[in-house]
Engineer: 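I'd like to ask you about the structure that follows.
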Amino acid sequence: MIHHVFNWLSPVAPQQVALSLLHFLWQGTLVAIVVAVILRLLRDRVPVHAGNQTDHSSEGPTTTHANLRYLVACFGLFMMCALPVVNLLVIDPPVAGSGWASVIEVDDVSLQASGEAPSDTVAVADLSPIKSKAAIEPAGVAGTPGDEARAVAVDTKQLTGESRLLHPLLLHSIFWLWLWLAGAALLSAWHIAGWLLSRQLRRDGSPPHDDVVALTGKIARRLRVHQSISVRQTFRVTTPMVVGWIKPVIVLPANALLGLSPIQLEAVLAHELAHIKRHDYLVNLIQTIVETLLFYHPAVWWLSHQIRSEREFCADDLAVRICQQRNVYARSLVALAEMVHDSPARAVAATGGDLLFRIRRIVHLSDSQSMPSRYSGPSALAAVLASVSLGVVLMAMAQAQPSGDRLFSNTTDAVSKAEPAISSGGHRDAMKATTINQFGIRWTFDKEYQCGQFANGDWWVVGPIRIITIDPPSVTKNNCVLNGSMINPSPRDGTYNGYDSRINPGGHNVDYYRPDLNVAYGISRDQPLEVRPHSSVVSVISQGDSRPEPKSSGDQRSRAKDSRRLIKTAAILTVLETPAAEGCFRPAYCGQVKDTSLNANQINYDLLRRLRPVAGTPRIEEVERVFERPWLDHIPDWHGRQLYPIENMPDYGREVALASGTASLMLNLDLPDQQKKMLLVRYIQFGIDLFGITKDGGDRNWISRGAHNHGRKWPILFAGMMLDFQPMKGIGDRREIAFQEDDGTFYVSETRPGVINGGFGGFTLEHLGMPEWGVRHALDPEQDDVAWDARHRSINSGSCAGFVLAAHVMGATELWNHQALFDYQDRWMFEMSPAGRQRADAERSDGLARARASDRFHEQMWDAYRADYDTRWQHTPATIHALSQ
């Protein structure tokens, strides 16, 4: 059958095809040697002692030849691909014949006896199907006219050079061709499977958060990538990759992103977009075809590996020029390496190539003499020796066994390289920098300072330091001071701030902006901002650049509402006296004590439950983003609402409580610990910041007022439990600290003989012992209202179910130390359920629908698991009597 295939494809004899492939053994080896020498000459030159310098600029090494090396390696692979084709065109077949010819070695004695041929001859018989039954005659009668079988004598002394050497192999050319075809077919099937997997990833992935899409578009514009680019995320991959050439898709790992800070995500996206700009996917596809056809030559695999390595270097150089921070980019590679698995062969992944070498190259850890060479070292030598050895072995086998069965074996040794961990004096994240960027805010120093990142991704720097610029700068525009910064902002400053002169809680004719609190205004290289250790620099970007016009000039409430959201985003830079240990949490931004003793290594994952998810469970990545950036909550009471950064946090107590409940419930679902890690770290950091506010004088920040201030107690208690940190675990015993969820819930009692609840709220004897809620109960019980449709009741009650259930699940009700909240929540959830609804009206008197729970996920979790933890409050006479005593 195979001979029909070859006859249909070309008149070239199979011996010629086999000879072409065998000639490529020495030709490919020669190309590999030449390319290895050139790559050696073009290796990068890195500055001496560069390891002691950390350059965050966009420049590459002192001498960078990555693109040139890449072109040389690609040209070498093109030559390897072209050589077998050239061989077919220029090399004549070793023997002549028509159709499918078989080389048969004839006994020398028989030929000599006939007197027609010398001893060094072989007889070539035409075994076409028509003449297959003809006898094979000695060469002397082969030329007789009319013979049905012709034998042609060929003098082997005329087969000089490689033809004479290789002709024994041609006796088994069909074997070599079958072997080559089988290998190519198997590799093709493997690559096709990888291509199909890549296509599946494009279909299965879901769109990421809008912030990621916007960041991708921003970087693409900076790289001048004009193609239409899609971004997808999926749990099926663990490293970012590019799939496709005409319509490229960046596939991001949903799980791996848990360990990436925003600035690292920017670096990863820059790397993938660099591949798209360079059309690396197409080149990689061509490489795969060449590897498939010339799979038997080790030099092909070596050279293809060099191309992939140089491709990563080129993408690294381009990404570093965009990100402008070498060490941050290198750290992103380290973070990816910790979670990487194999990716489909058709994809171009961020962790490709020799990762350790890439990191060393990026951060300049070695000088040019000690930098290991990748181009004439063990890999190139192994490829050359393997190629030559294979050719010699095949020749020896052919000459030693001119006929009969052959045993062919091709063994490839796998080499496993373990990359050493990167460390810096015990602080893996430690590095030096002159500039730090986060969330669009850039701090530039007068020189390099040692710096690193906390567990949640925020930055620290060892001080004292001098900041010469903060971008965007704090400026005056339209008579408004924008983009301010404060050092150790404190609730003791009250409603005064140094961030934005437009912040005016309540719309009063009072200037709540204090220039002395804004440390960013007017700084320069000549007038730097000096920051001592134990300081947190909190910088913001203002939203807009003018005072918002009120909807109604005479409505003071309207003016306040229109100007609430005046800050776009915020970031925190912490100045320490000594480097922070790896994995430590950022100290609270309030206060002048920067304790770095709390560490992610202390987290006790055993405290978290393994609850089965319910319908409507959100994606954990969405919840993580809510706590990605710092929440600024140090301005007391609802006045801080104007300060809350739009991109960092919600602006109302209901949403704060909902976010807190969602996060804590998600962390108690049956998910892998690694998948929970980033959300857990960020949520604990939120609790640490809230606790820092209470320590710095913010014990009245979250008093009971409407629905503005609840949702702050549980993050503090949760963080204390997870870290086993007693000051935070004991927050329930701190009665002097006001928390709205506690101050607004109470048991109806007889405050003096015959008087229920001080005579306020309309309560009677039948309400004694009932858990109740009041809009400002602790401060102003006169506003209590027995009516179920009392103002703000549903807003407060409907948003607390999540964190109240989480406290039940984690056994924290006693630590909370305010049972009225838990009993009232039981009462609310029962009476608002279809089975327990006691009132006919489904609408509040003010026309707003009453929600049992403000979040469907919270309600589903409550119904699924509340009965499994603690005793639920029951509305029975016995219970009421017991509570009233």
Side-chain angles (χ1 to χ4, degrees), residues 46-62 64 219 222 261-264 266-267 270 316-334 359-367 422 424-425 427-454 457-474 483 485 487 519-539 541 571-580 586:
V46 185
V48 177
H49 307 305
N52 297 325
Q53 303 172 6
T54 303
D55 183 11
H56 287 268
S57 67
S58 60
E59 299 175 0
T62 301
T64 300
I219 300 173
R222 293 173 65 184
S261 66
I263 197 169
Q264 290 172 335
E266 180 180 358
D316 287 340
D317 292 343
L318 192 54
V320 167
R321 285 199 295 272
I322 293 299
C323 298
Q324 299 183 343
Q325 294 193 66
R326 293 184 181 281
N327 289 308
V328 172
Y329 183 80
R331 186 175 181 273
S332 69
L333 296 181
V334 175
I359 295 172
R360 296 182 63 190
R361 178 179 179 271
I362 291 168
V363 299
H364 298 171
L365 290 180
S366 302
D367 56 52
I422 297 177
S424 178
H427 306 283
R428 188 189 68 177
D429 298 336
M431 58 189 77
K432 287 187 176 181
T434 57
T435 299
I436 291 177
N437 293 310
Q438 192 169 40
F439 309 137
I441 296 171
R442 174 182 296 180
W443 300 280
T444 302
F445 315 127
D446 63 330
K447 62 179 182 179
E448 286 186 340
Y449 292 95
Q450 190 173 2
C451 61
Q453 288 181 283
F454 294 107
D458 288 342
W459 286 87
W460 56 262
V461 60
V462 175
I465 65 171
R466 291 186 175 185
I467 302 177
I468 57 176
T469 62
I470 301 177
D471 294 313
S474 184
N483 309 325
S485 296
I487 293 180
V519 298
Y521 199 90
I523 66 172
S524 65
R525 183 175 292 275
D526 295 331
Q527 294 182 332
L529 170 63
E530 296 187 10
V531 186
R532 297 185 176 277
H534 307 289
S535 300
S536 296
V537 181
V538 182
S539 301
I541 299 177
I572 298 172
L573 177 67
T574 306
V575 183
L576 302 176
E577 191 171 17
T578 58
R586 171 176 53 75

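The chain is numbered in sequence order, starting from 1.
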Engineer: So do Pro528 and Phe445 actually touch side chain to side chain, heavy atoms under 4.5 Å?
Structural biologist: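 No. Closest side-chain heavy atoms not under 4.5 Å.
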
Engineer: I'd like to check the side-chain contact (heavy atoms from CB on, under 4.5 Å) partners of Pro464; sequence neighbours left out, ordered by chain and number.
Structural biologist: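 Partners of Pro464 under the side-chain contact (heavy atoms from CB on, under 4.5 Å) test: Pro533.
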
Engineer: So which atom in Trp460 and which in Gln453 form the shortest heavy-atom distance, rounded to 0.1 Å?
Structural biologist: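 Shortest heavy-atom separation between Trp460 and Gln453 comes out as NE1-N, 3.5 Å.
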
Engineer: For the CD1 atom of Ile523 and the OG atom of Ser485, what is their distance to the nearest 0.5 Å?
Structural biologist: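 Atom-to-atom, Ile523:CD1 and Ser485:OG are 7.0 Å apart.
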
Engineer: Taking side chain to side chain donor-acceptor pair (under 3.5 Å) as the definition, give me every residue that meets it alongside Thr574, ordered by chain and number, with sequence neighbours left out.
Structural biologist: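 Counting only residues at least two positions away or on another chain, Thr574 forms no side chain to side chain donor-acceptor pair (under 3.5 Å).
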
Engineer: Taking all atoms of both residues into account, what is the closest heavy-atom pair of Ala571 and Ile441, and its distance?
Structural biologist: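 For Ala571 and Ile441, the tightest heavy-atom pair comes out as N-CD1, 3.7 Å.
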
Engineer: Could you give me the CA-CA distance, side-chain angles and deciding distance for Asp458 and Phe439, then say whether side-chain contact (heavy atoms from CB on, under 4.5 Å) is met?
Structural biologist: CA-CA 10 Å; Asp458 288 342; Phe439 309 137; 4.2 Å; yes

Engineer: When you measure from the side chain of Glu266 to the backbone N and O of Ile219, does any donor-acceptor pair fall under 3.5 Å?
Structural biologist: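 Looks like no, no N/O pair under 3.5 Å.
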
Engineer: For Glu530, which residues count as a side-chain contact (heavy atoms from CB on, under 4.5 Å) partner, sequence neighbours excluded?
Structural biologist: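 Partners of Glu530 by the side-chain contact (heavy atoms from CB on, under 4.5 Å) criterion, ordered by chain and then number, come out as Arg466.
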
Engineer: Please list, chain by chain and in numerical order, all residues satisfying side-chain contact (heavy atoms from CB on, under 4.5 Å) with Thr578, sequence neighbours excluded.
Structural biologist: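 Applying side-chain contact (heavy atoms from CB on, under 4.5 Å) to Thr578 gives none.
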
Engineer: Going from CD1 on Ile467 to CG on Asp446, what distance comes out if it is rounded to the nearest 0.5 angstrom?
Structural biologist: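 Reported value, rounded in 0.5 Å steps: 10.0 Å.
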
Engineer: Could you work out, with side-chain contact (heavy atoms from CB on, under 4.5 Å) as the rule, every residue matching Thr469, not counting sequence neighbours?
Structural biologist: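 side-chain contact (heavy atoms from CB on, under 4.5 Å) list for Thr469, sorted by chain: Thr444, Asp471.
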
Engineer: For Ile572 and Ser536, which heavy atoms make the closest approach, and how far apart are they?
Structural biologist: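 Minimum heavy-atom contact is CG2-CB, 4.3 Å.
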
Engineer: To the nearest 0.5 Å, what is the distance between OG on Ser539 and CD1 on Ile487?
Structural biologist: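 Going from the OG atom of Ser539 to the CD1 atom of Ile487 covers 9.0 Å.
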
Engineer: Can you name the nearest heavy-atom pair linking Ile470 to Ala520, along with the distance?
Structural biologist: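 Closest heavy-atom pair between Ile470 and Ala520: CD1-CB, 3.9 Å.
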
Engineer: Any side-chain heavy-atom pair from Ile541 and Pro472 closer than 4.5 angstrom?
Structural biologist: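 In short, these two side chains touch, coming nearer than 4.5 Å.
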
Engineer: Hey, what do you get for CD1 (Ile436) to CD1 (Ile465), rounding to the nearest 0.5 Å?
Structural biologist: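 If I round to the nearest 0.5 Å, the distance is 7.5 Å.
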
Engineer: Run the ring-ring contact (aromatic ring centres under 6.0 Å, His included) test against Tyr521 and tell me which residues pass, sequence neighbours left out.
Structural biologist: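 Tyr521 satisfies ring-ring contact (aromatic ring centres under 6.0 Å, His included) with no other residue.
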
Engineer: Looking at residues at least two apart in the chain, or sitting in another chain, which of them share a side chain to side chain donor-acceptor pair (under 3.5 Å) with Arg532?
Structural biologist: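 Result, side chain to side chain donor-acceptor pair (under 3.5 Å) vs Arg532: none returned.
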
Engineer: On a heavy-atom basis, which atom in Cys451 and which in Trp459 lie closest, and how many Å separate them?
Structural biologist: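 In terms of heavy atoms, the two residues are closest at SG-CZ3, 4.1 Å.
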
